[in-house]
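Worksheet: one structure, shown below.
Side chains included, hydrogens not; waters and symmetry mates left out as well; all remaining heavy atoms used.
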Amino acid sequence: LLFLSSVLLLFSCAKKTADVLYYNAKIYTLDSSFSTADAMLIKDGKVLAVGAMQDLNEYEVKEKIDLQGKFVYPGFIDAHCHFYGYGVDLKKINLTGTKSWNAVIDTLLKYKNQKFNNWIFGRGWDQNDWENKSFPDKTLLDSLFPDVPVFLFRIDGHVALVNQKAIDLAGLTVKTEVAGGKIELKNGKLTGLLFDNAVDLVKLKIPNPNREAEVEALLQAQKNCFEVGLTTIDDAGLDYETILLIDSLQKANSLKMRYYAMITYSEKNKKYFFEKGKLKTDRLNACSFKIYADGALGSRGALLLQPYADQANHYGILLTPLKEMEAAAKEMAEHHFQLCTHCIGDSANRFMLQQYASATKAIPDARWRIEHAQVVNPNDLHFFKEAHIIPSVQPTHATSDMYWAKERIGEERIKDAYAYNTLLQSAGIVANGSDFPVEDINPLYGYYAATVRKDKANFPPEAFQKDNALSRSNALKAMTIWAAYANFEEKEKGSLEAGKFADFVLLNEDLLTAPDEQLWKIKVQATYLNGEKVFERK
């Protein structure tokens with residue numbers, strides 16, 4: 001009895017322990033009550049407790065860190081991006097921001113020796129940003145680069161311009177046809193423009209980067225993303241081999257970034273994952289498949305219920321046959337995988353919302369996702385709530401497209417486009433991403449676009465469809481706890497609560513109160529993942 005009493009006394013006197021106490025901060029926990037605190041305890045890479053400093057003093061800690069009034073948020077999550085592709089693209093010629101076709105050519109000439117596996121490979125041009133908004137053709141490319149293949153991706157990744165050398169290597173002719181795509185002809189000749197599925201006829205001829213280059217790309221992408229506060233990324237479309245590479249790098253602790261991987265919908269990937277099942281670790285989650293319903297609005301590939309306002313009798317491009325998409329929905333339900341579908345136009349959205357609602361009737365918590373949900377007919381909004389479908393949106397698309405989107409879809413349909421607040425009211429949740437490298441990797445650009453609905457030059461003065469802006473608190477939820485929920489990960493990340501991963505970012509300014517025009521300029525001061533500081537601004 002004496003021995004037992006001594007043991008009990010020992011335990012009652014022992015102090016609770018933690019690794020680090022962070023204090024003197026305003027911590028947005030993103031818990032269910034959106035509470036704030038001024039101190040946080042971390043132990044073994046997880047949040048141990050969050051609260052008032054005086055309440056956490058009972059803990060014995062190895063280190064105390066004064067955050068000097070900084071603002072703390074859960075690690076930012078990009079709910080839709082192309083992390084692997086972004087990393088690989090860093091070795092390609094960057095054409096983003098070029099203001100004319102001549103500017104594209106000047107950039108290619110300047111970097112013509114920066115070849116990608118013996119190809120001149122550029123990405124980022126957008127004819128909508130030019131004074132002459134017509135698509136270019138290959139004439140200049142043929143005269144300047146007759147002996148080296150050239151492949152130039154449009155900013156959205158749904159259109160490519162190639163030269164004759166690339167056409168010859170791919171074996172394309174005026175008679176070549178492709179389902180779900182278009183090879184443009186003018187006066188009976190190839191112009192070099194490839195749309196949607198036709199892009200792959202040439203792209204697949206470009207040698208893939210070797211393993212060393214892939215690893216370098218992933219690690220550089222990670223470094224850049226940590227600098228802007230991203231701790232989890234949702235990569236929208238990967239083959240199983242790349243997912244296994246990511247898993248191996250994470251297990252070696254060289255790739256620390258948390259990764260939600262959408263599996264590219266293909267026979268080889270289905271065979272692998274249907275046999276092996278979902279892949280889930282603390283850092284990797286491969287539980288969903290990605291499929292494309294249509295193309296992009298900027299290249300008139302989005303599938304619409306009514307013709308384009310600026311192109312008579314053109315409805316867009318169906319990338320995957322309807323029967324195949326219907327079968328995909330049934331397969332995902334049968335094998336218990338989440339389905340994420342690229343849907344831009346109102347026709348694509350309507351069809352897939354109907355398929356989701358039908359396929360998930362017997363699945364109580366399917367959380368299937370519509371990626372982009374860019375133009376949704378009001379008559380179809382009810383599906384989001386009824387079938388628990390998550391709209392996964394990219395707010396910077398609204399402020400990138402607002403200059404020309406009305407020309408594409410007209411005065412009435414534009415009211416139903418980029419309607420993030422409407423989608424939130426319909427679904428009860430939205431997940432925010434960027435679609436980088438289509439847009440910038442910085443999540444605060446998306447936060448600014450979602451809440452202020454202006455570009456960086458403060459245009460338009462009255463904001464773009466301001467009634468569909470998100471409140472600041474909802475925009476923050478959409479890049480933290482709601483994004484985690486869309487990934488089935490809300491119990492382990494997305495908020496700073498006891499038991500969750502210690503993923504968080506430090507800012508010098510408050511996202512909830514900073515002036516509108518300041519939001520996109522705010523810099524991340526430090527990024528922590530699993531309690532480890534992975535970035536600090538010097």
Side-chain angles (χ1 to χ4, degrees), residues 82 85 135 137-138 151-154 156-162 166-186 188-206 208 236-240 262-271 289-308 311-332 339-356 359 370-372 374-375 408 438:
H82 302 274
F135 278 108
D137 63 31
K138 66 184 181 68
F151 183 97
L152 306 180
F153 244 149
R154 188 180 179 275
D156 58 11
H158 286 264
V159 179
L161 180 65
V162 299
I167 288 171
D168 293 341
L169 287 172
L172 303 187
T173 72
V174 294
K175 295 182 179 180
T176 305
E177 295 182 357
V178 59
K182 172 186 169 186
I183 302 171
E184 186 180 76
L185 297 176
K186 278 190 179 177
K189 295 182 179 179
L190 298 172
T191 67
L193 279 170
L194 309 172
F195 293 80
D196 290 300
N197 289 349
V199 169
D200 282 345
L201 297 178
V202 175
K203 186 172 180 287
L204 292 177
K205 298 296 180 182
I206 304 173
N208 289 323
L238 294 171
D239 287 330
Y240 79 87
M262 300 181 203
I263 307 156
T264 297
Y265 184 79
S266 69
E267 290 304 318
K268 71 169 186 176
N269 290 332
K270 284 192 295 181
K271 183 177 186 299
F289 276 81
K290 163 81 178 297
I291 194 168
Y292 283 86
D294 62 347
L297 194 64
S299 50
R300 299 185 183 86
L303 198 63
L304 301 177
L305 293 168
Q306 300 299 324
Y308 277 76
Q311 188 172 341
N313 301 316
H314 180 66
Y315 290 80
I317 299 176
L318 178 69
L319 267 61
T320 307
L322 298 181
K323 287 187 176 179
E324 187 175 339
M325 288 194 288
E326 184 179 358
K330 292 177 180 177
E331 279 182 312
M332 295 303 115
L339 184 56
C340 308
T341 307
H342 167 113
C343 295
I344 300 286
D346 50 10
S347 180
N349 275 288
R350 172 170 291 179
F351 181 78
M352 288 312 295
L353 286 167
Q354 291 171 343
Q355 296 309 309
Y356 279 23
I370 295 289
E371 304 300 321
H372 307 303
Q374 206 158 290
V375 187
R408 292 283 190 276
V438 176

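- Interatomic distance, D200 CG to K205 NZ, rounded to the nearest 0.5 Å: 11.5 Å.
- For D196 (side chain) and G180 (main-chain N/O), no donor-acceptor pair under 3.5 Å exists by modelled atom type.
- The closest side-chain heavy-atom distance from T341 to T320 is not below 4.5 Å.
- We find the CD-CG distance between E184 and L161 to be 9.5 Å, quoted to the nearest 0.5 Å.
- For the atom pair E326 CD and K323 NZ, the distance stands at 8.5 Å (nearest 0.5 Å).
- Closest of all the heavy-atom pairs between D156 and A296 is OD2-CB, 3.1 Å.
- What you find for V178 and A198 is that their closest heavy atoms are CG1-CB, 3.6 Å.
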Review point. Step by step, would you call L172 with L194 a side chain to side chain contact (heavy atoms under 4.5 Å, CB included)?
Key: CA-CA 11 Å; L172 303 187; L194 309 172; 4.0 Å; yes
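- The distance from the CD atom of Q374 to the NE2 atom of H342 is 8.0 Å, given to the nearest 0.5 Å.
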Review point. Does the pair I167 and V202 meet the rule for a side chain to side chain contact (heavy atoms under 4.5 Å, CB included), with working shown?
Key: CA-CA 7 Å; I167 288 171; V202 175; 5.5 Å; no
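- Side-chain N or O atoms of Y356 include one that pairs as donor or acceptor with a backbone N or O of L339 at under 3.5 Å.
- To the nearest 0.5 Å, the span separating OH on Y315 from CG on L304 amounts to 9.5 Å.
- Proximity of a side-chain donor or acceptor of R300 to a complementary backbone N or O of R408 within less than 3.5 Å is not detected.
- Taking each heavy atom of G345 and A302 in turn, the nearest pair found is N-CB, 3.8 Å.
- Among the candidates K268, K271, K290, the single residue satisfying the salt bridge (Lys or Arg N to Asp or Glu O under 4.0 Å) test with D239 is K268.
- A heavy-atom distance below 4.5 Å is found between the side chains of L319 and I317.
- Side-chain contact between I183 and L201: present, with at least one pair of heavy atoms (C-beta onward) separated by less than 4.5 Å.
- Taking each heavy atom of C343 and I370 in turn, the nearest pair found is CB-CG2, 3.9 Å.
- The side-chain heavy atoms of R350 and L353, taken from C-beta on, include no pair separated by under 4.5 Å.
- D346 contributes no side-chain N or O that, together with a main-chain N or O of V375, makes up a donor-acceptor pair within less than 3.5 Å.
- Here the closest heavy-atom approach between residue F195 and residue V159 is recorded as CD2-CG2, 3.6 Å.
- Note: L185 CG to L193 CG = 11.0 Å, rounded to the nearest 0.5 Å.
- E267 has a carboxylate O that lies under 4.0 Å from a charged side-chain N of K270, or vice versa, which qualifies the two as a salt bridge.
- Using the six-membered ring where Trp is involved, Y292 and H158 have ring planes that are perpendicular, over 60° apart on the 30 and 60° scheme.
- When side chains are defined from C-beta on, F135 counts as touching S299, because their heavy atoms get closer than 4.5 Å.
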Point to revise | Worked check of side chain to side chain contact (heavy atoms under 4.5 Å, CB included) between M325 and Y265 | key: CA-CA 10 Å; M325 288 194 288; Y265 184 79; over 6 Å; no
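- Taking 4.5 Å as the limit, every side-chain heavy atom of I344 sits out of range of all side-chain heavy atoms of L303.
- The main-chain N or O of L297 is never found under 3.5 Å from a side-chain atom of Y308 such that the two would form a donor-acceptor pair.
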